[in-house]
Each structure stands twice: as structure tokens, then as C-alpha cells.
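This report concerns only the one structure given below.
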Amino acid sequence: MGRTHSSGVEKRKKLYITYNESIETIAFSPFCTSSDVKELLIAVCCAPHNSSLKLVDYQGHLVPISPTLECNTPDKPYQLLVTTARRDSIMEIKNLVANMGDIFEKIVECNGNHEDLMKKIEYLESQLQVEGFQAIELEKCKNDLMKLKCKISDELALPRSRLHVTTPISAKRDIPLYPKYVLSGETIAYLKQPTFDMWNWEPNEMLALLEHMYTDLNLTTEFKINIMVLKKWLKAVQNKYRNNPFHNFRHSFCVAQMMYGMVHSCNLQNKLSRKDLGILLTACICHDLDHPGFNNTYQINARTELAVRYNDISPLENHHCAVCFEILADPETNIFANVDKEEFKEIRQGIIDLILATDMARHGEIVQHFKSVSRSFEWDNPTHIKQLQAIMIKCCDISNEVRPFSVAEPWLECLLEEYFTQSDREKCEGLPVASFMDRNKVTKPTAQIGFIKYVLIPLYETLCELFPEIEGTMLQPLKDAYVYYESKKLEDDLAKDDHNRNKTCQALLNEKLELERKLAGAEKTISNLAVVVTNSDNTSTKIQ
């Protein structure tokens with residue numbers, strides 16, 4: 001894809017691993033896969049392929065098994081831990097299936113009416129015996145077992161004549177088929193910059209980059225996310241974005257990438273918990289799910305279904321939240337399936353709060369709340385952290401002008417296209433039309449000058465009070481953009497003045513030509529009259 005390492009000679013990584021009090025050495029290419037690294041570790045400990053491996057650094061921190069592992073020395077080896085929790089879990093469910101079969105045999109007479117249900121149980125039991133049973137399979141099996149329990153309970157309560165009615169349990173395992181990409185070191189470093197140009201990347205490539213963000217921030221380890229579940233979740237999210245000019249999946253990626261870059265620029269991976277980072281990144285990716293391309297003002301004025309459902313209170317943002325958790329309700333796309341209930345409640349509330357914070361109607365309120373704590377910010381204060389998260393997602397959501405002009409201008413064109421489509425519909429439906437959305441009134445400079453001056457610059461100045469390190473990379477580009485659009489407006493005004501002057505001069509010239517034409521006509525008339533008078537005088541003289 002043009003972004004992978006192309007050198008003919010690859011520098012191999014060498015790691016020192018301690019297992020059972022002995023030190024082993026492994027070496028691999030930095031461009032291999034996480035599965036390749038795991039295979040090497042399995043060879044070190046001579047464990048079965050379905051073993052669960054953990055890697056701990058010399059400081060006792062759990063680290064992800066991936067080719068991005070940092071090289072170490074023999075005196076600071078990684079410690080390899082091997083567990084069999086997955087196999088124990090499988091055996092536990094296997095025994096549960098067997099017990100369910102025995103209980104069901106005792107409750108229901110063996111007359112063949114429950115034969116289909118028993119076949120399903122036997123199928124699930126056989127699936128559990130497959131070596132290397134993956135976590136996604138296990139999660140699917142648990143889900144099928146729960147459905148089967150409910151089915152048995154329901155059918156036992158029904159008349160005997162209806163026991164034969166069953167719903168087949170699908171054994172299909174759909175896995176999103178997008179190519180596997182190897183990111184070069186240059187791409188990984190570029191991904192952390194606010195200058196990142198997302199226009200050069202295809203949708204499947206953006207999925208791979210988002211996957212990298214979760215891995216790089218150790219979110220897959222923190223939330224125990226199976227990589228196939230992460231892939232399915234990303235694909236499901238992508239499919240829920242509509243093909244709008246602006247509010248589409250590329251915008252979602254753009255916001256997430258700016259957040260990822262901000263995390264690294266402000267060293268937030270060492271200041272915020274992994275849970276808070278996961279909430280931030282997930283909210284960015286999901287913040288505009290199923291956006292219809294018409295804003296809250298239209299929804300409320302047109303009395304749409306969304307406005308009615310959410311009582312005119314942030315109808316779009318509430319809808320984005322609902323779609324986000326509809327996706328997470330499916331076990332095959334639930335990246336938080338392995339966290340406990342209490343932690344999931346916190347994650348859910350955090351994501352909801354951040355998506356709702358993207359409603360521009362709440363902009364002033366959120367900025368003022370953060371200003372009140374920014375100068376005495378406490379990193380161990382949960383309220384301060386929530387206010388910081390809200391201001392960060394707002395910054396990232398409207399961050400296009402932070403980027404280089406060649407990246408930002410196409411986004412402005414997309415936004416105006418979406419605005420004009422809405423205003424055209426509002427005119428047709430007799431609804432109020434905002435002047436900044438009216439194609440007959442707005443230009444690029446007029447659209448951006450006020451927004452940059454009164455919204456973007458004050459917003460980023462507020463954030464820079466806590467993170468002065470981003471002033472040069474994020475605040476200064478906004479000031480440069482403001483100067484650029486002011487100069488463009490001046491050019492447009494001068495051109496307009498010149499046009500008006502030219503129009504006035506042309507009108508005066510036309511008036512002069514018209515006067516000259518009339519004068520010439522008058523002179524001709526006078527000349528004709530003089531001839532007539534002269535002829536008349538001559539005639540009178542002759543008669544005399």
C-alpha cells in the first residue's frame with residue numbers, strides 16, 4: 001500500500017525472555033505479526049498452541065505480545081507466564097452442557113419432541129473439544145448456551161404439541177475480510193502528528209490504523225479484547241456511518257487520529273488510566289454514528305422521529321450513543337465483553353458523556369467548566385478528568401483547521417456541501433435557514449473567520465493553559481488559518497469593490513454614450529432644420 005518498509009535488509013529484534021528461572025533468547029523481524037511473536041514464545045515454554053501467554057517487563061508491568069516490544073538486556077529480561085485459564089473455562093462449560101442434558105432428560109419424556117434441542121447441545125459440546133478454541137468462538141458458544149437455556153425454559157412451559165418448534169442456532173462465524181497491513185515506522189510516527197493527511201488512506205487502511213491505536217495504547221490488554229472481536233467491532237462501526245459529504249467514517253477516523261496524536265503530544269498515556277484512554281478513543285470513533293447529514297436544528301424544526309424520541313434534547317448525539325451500544329450489545333462486536341459489570345457501567349457512562357459533549361449547543365457550558373479547574377487541575381480528581389476528556393473530544397471534533405491547509409480545505413468544502421443540502425431542504429419545507437448555511441450568503445472566508453476567532457482559538461487557548469506543549473503544533477496553525485481567511489476575505493472584498501467600481505464606470509460610460517447619441521441626433525435635427533430654413537428663405541427671395 002505504499003507505506004510499508006521497503007528496505008532489502010531488515011534489522012532483527014533480539015529479546016531476552018526468562019521462563020522457569022532460565023533465560024532464553026528470541027529474535028524476529030520488527031515487521032512480523034503478533035502471532036509470529038507468540039509462536040516463538042510458545043516454542044520457548046514448549047506449551048500447547050491454545051495456551052494463554054502473558055509477558056511482564058522487569059518492572060512488573062504487563063506488556064502486549066507484539067513486534068513493537070522494546071529490546072532489552074539479559075539483566076532486564078521479560079518474564080513469560082503461561083496459564084491454562086481458557087481450557088479450564090472450556091471444561092467448565094462442557095460440564096455445564098453435559099449437566100443440562102442430564103437434567104433435561106429427567107424433566108422431559110423421551111418421545112423425540114426435544115430431539116432437535118439435544119442435537120444442538122451435542123453440537124456445542126463437540127465444538128468445545130476442538131483444540132485451540134478461540135475466544136470469539138468461546139464467547140459465541142456462551143451466547144448460544146444462554147439462548148438455549150431460555151429456549152428450554154420457554155418450551156417446558158408450552159403445551160406438548162409445540163415442543164417440536166425450534167429456532168436453528170447458526171454455527172456461522174463471519175470474520176471481516178479486510179487485508180492485513182504492515183505499518184512502517186514512518187507511518188506509525190506520522191500517525192501521532194496533527195499534520196496527518198487522512199485523504200491518502202482507503203477505508204480498510206483506516207481500520208488497520210485504528211486497530212494499531214488500540215494496540216499501541218495497550219487497550220487490548222487493559223480490556224482483554226480479542227483481536228478478532230476488535231476487527232469485527234471496527235467493521236461494524238464503519239458500516240454504521242452513512243455516505244455523507246462530511247459526517248462520515250473518514251471524519252470519525254480524523255477525530256480519533258487527532259485524539260491519538262494529542263494523547264502522545266501531551267504524554268497522557270502516563271497521566272490518564274488505560275480505562276480513561278479507552279473511553280476517549282472509543283467515544284471519538286463512535287461520536288457521529290448513523291449521522292443523517294442534517295443537524296439538530298433541522299431535526300427539531302422539522303419535528304423528525306429523532307427529535308420526538310429524545311424530546312428535542314441533543315437528538316443526534318443521543319442517537320449516536322444508542323447506535324454505539326447497539327453494536328456493543330452483540331457479543332461478536334463487544335470489545336468490552338471481558339470487563340466486569342461495574343467497570344462496564346463506568347465505561348458506558350463515560351462514552352455517553354463524551355458523545356453528548358460534542359453537541360455544539362453545550363459548547364460554552366463545557367468550556368467554562370473546564371476553565372474553572374484548569375489552573376488548579378488535579379490529576380487524581382475524577383471530576384477534573386471528566387472535564388478534561390470533554391474539552392479534548394470537543395477540540396478533536398472540530399480540529400480540521402489545526403491541520404495543513406491542503407488537508408483542511410477539502411473538509412471545509414465537504415462541510416459547506418452538507419450545509420447547502422440542508423438549507424436547500426429547509427427552504428423547500430418552509431423552515432428557518434441559518435445564514436452560515438445559505439449558499440447565497442456564505443463564502444469560505446466568511447464561514448471560517450468567525451468560527452476560528454470566537455470558537456476554535458479560545459477553545460485551544462483554554463486547553464493550552466494545561467498543555468503548553470501543543471501551542472506551537474495546534475494553536476499557532478489556528479492563528480495562521482485565521483490570518484489566511486482574513487486576507488482571503490480582504491481579497492474578495494477588494495475584488496467585489498473593483499467589480500462594483502467597474503460596474504459603476506460601465507454604467508457612466510453607457511450613460512455618456514447615450515447622451516452623445518442623443519446629442520448627435522439633436523445636432524442632426526438642427527442641421528436638417530437649418531437646411532429647411534435656408535431653402536425657405538431662398539424660395540421667398542425668388543418670388544420677390
Notebook entry, point to check: Can you name the nearest heavy-atom pair linking Gly293 to Glu418, along with the distance?
Noted result: O-CG, 3.4 Å
Next item on the list: Anything under 30° is parallel, anything over 60° is perpendicular, the rest tilted; go ahead and classify Trp379 against Phe467.
Entry: tilted
Notebook entry, point to check: What do you reckon, are the aromatic ring centroids of Phe336 and Trp233 less than 6.0 Å apart?
Noted result: no
Next item on the list: Flag yes if more than 12 heavy atoms outside Lys427 fall under 6.0 Å of its NZ atom; otherwise flag no.
Entry: yes
Next item on the list: Of all the heavy-atom pairs spanning Ala283 and Leu354, show the shortest one and how long it is.
Entry: CB-CB, 3.8 Å
Next item on the list: Determine whether the side chains of Glu401 and Gln448 contain a donor N or O and an acceptor N or O closer than 3.5 Å.
Entry: yes
Next item on the list: Determine yes or no for a side-chain-to-main-chain donor-acceptor pair under 3.5 angstrom, with Asp57 supplying the side chain and Gly60 the backbone.
Entry: yes
Note to self: With a 6.0 Å cut-off (strictly less than), is the heavy-atom count around CD of Glu70, excluding the residue itself, greater than 12?
What the structure shows: no
Next item on the list: May I ask you to decide whether Glu409 forms a salt bridge with Lys444, counting only side-chain N to carboxylate O separations under 4.0 Å?
Entry: yes
Next item on the list: Check whether any side-chain heavy atom of Tyr260 sits under 4.5 Å from a side-chain heavy atom of Leu217, and report yes or no.
Entry: yes
Check: Looking at Glu365 and Arg362, does any basic side-chain N land under 4.0 Å from a carboxylate oxygen?
Finding: yes
Checklist line | Nearest-0.5 Å distance that lies between atom OG in Ser374 and atom CD in Glu465 | finding: 4.5 Å
Item checked: Note: Asp424-Arg439 ion pair, threshold 4.0 Å (strictly below) -> yes
Next item on the list: Would you mind checking if Glu343 and Lys275 are paired as a salt bridge, meaning a charged N to carboxylate O distance below 4.0 Å?
Entry: no
Checklist line | Non-hydrogen atoms of Cys464 and Glu471 that approach each other most closely | finding: SG-CA, 3.8 Å
Next item on the list: Locate the shortest heavy-atom distance separating Leu69 from Ile65; write the atom from each residue and the value.
Entry: CD1-CA, 4.5 Å
Check: Near Lys271 NZ, under 6.0 Å, is it more than 12 heavy atoms from other residues, nucleotides or ligands?
Finding: yes
Item checked: Whether over 12 other heavy atoms sit under 6.0 Å from Lys192 NZ -> yes
Notebook entry, point to check: Under the ring-ring contact (aromatic ring centres under 6.0 Å, His included) criterion, do Trp201 and Phe196 qualify, and how do the steps go?
Noted result: CA-CA 10 Å; Trp201 300 79; Phe196 188 87; 5.7 Å; yes
Note to self: Tell me whether the count of non-hydrogen atoms from other residues, nucleotides or ligands lying under 6.0 Å of CG in Asn243 goes above 12.
What the structure shows: no
Next item on the list: Could you grab the distance from atom CG of Leu463 to atom CZ of Phe370, nearest 0.5 Å is fine?
Entry: 5.5 Å
Check: In terms of ring plane angle, is the pair His384 and Phe377 parallel, tilted or perpendicular, where the classes change at 30° and 60°?
Finding: tilted
Item checked: Qualifying residues under ring pair (Phe, Tyr, Trp, His ring centres under 6.0 Å), relative to Phe246, sequence neighbours excluded -> His251, Trp411
Notebook entry, point to check: Which residues pass the ring pair (Phe, Tyr, Trp, His ring centres under 6.0 Å) test with Phe451, sequence neighbours left out?
Noted result: none
Checklist line | Exam field: side chain Asn334 to backbone Asp330, donor-acceptor pair closer than 3.5 Å | finding: no
Notebook entry, point to check: With the threshold set at 4.0 Å, does a side-chain nitrogen-carboxylate oxygen contact exist between Arg303 and Asp312?
Noted result: no
Next item on the list: Taking Asn301 for its side chain and Pro432 for its backbone only, find out whether a donor-acceptor pair lies under 3.5 Å.
Entry: no
Notebook entry, point to check: Can a donor-acceptor pair be found between the side chains of Asp288 and His319 at a distance below 3.5 Å?
Noted result: no
Margin query: Looking at Glu413, I want to see if its CD is surrounded by more than 12 non-hydrogen atoms of other residues, nucleotides or ligands under 6.0 Å.
Written below: yes
Next item on the list: Assign the ring pair Phe325 / Phe344 to parallel, tilted or perpendicular, where the plane angle (0 to 90°) is split at 30° and 60°.
Entry: perpendicular
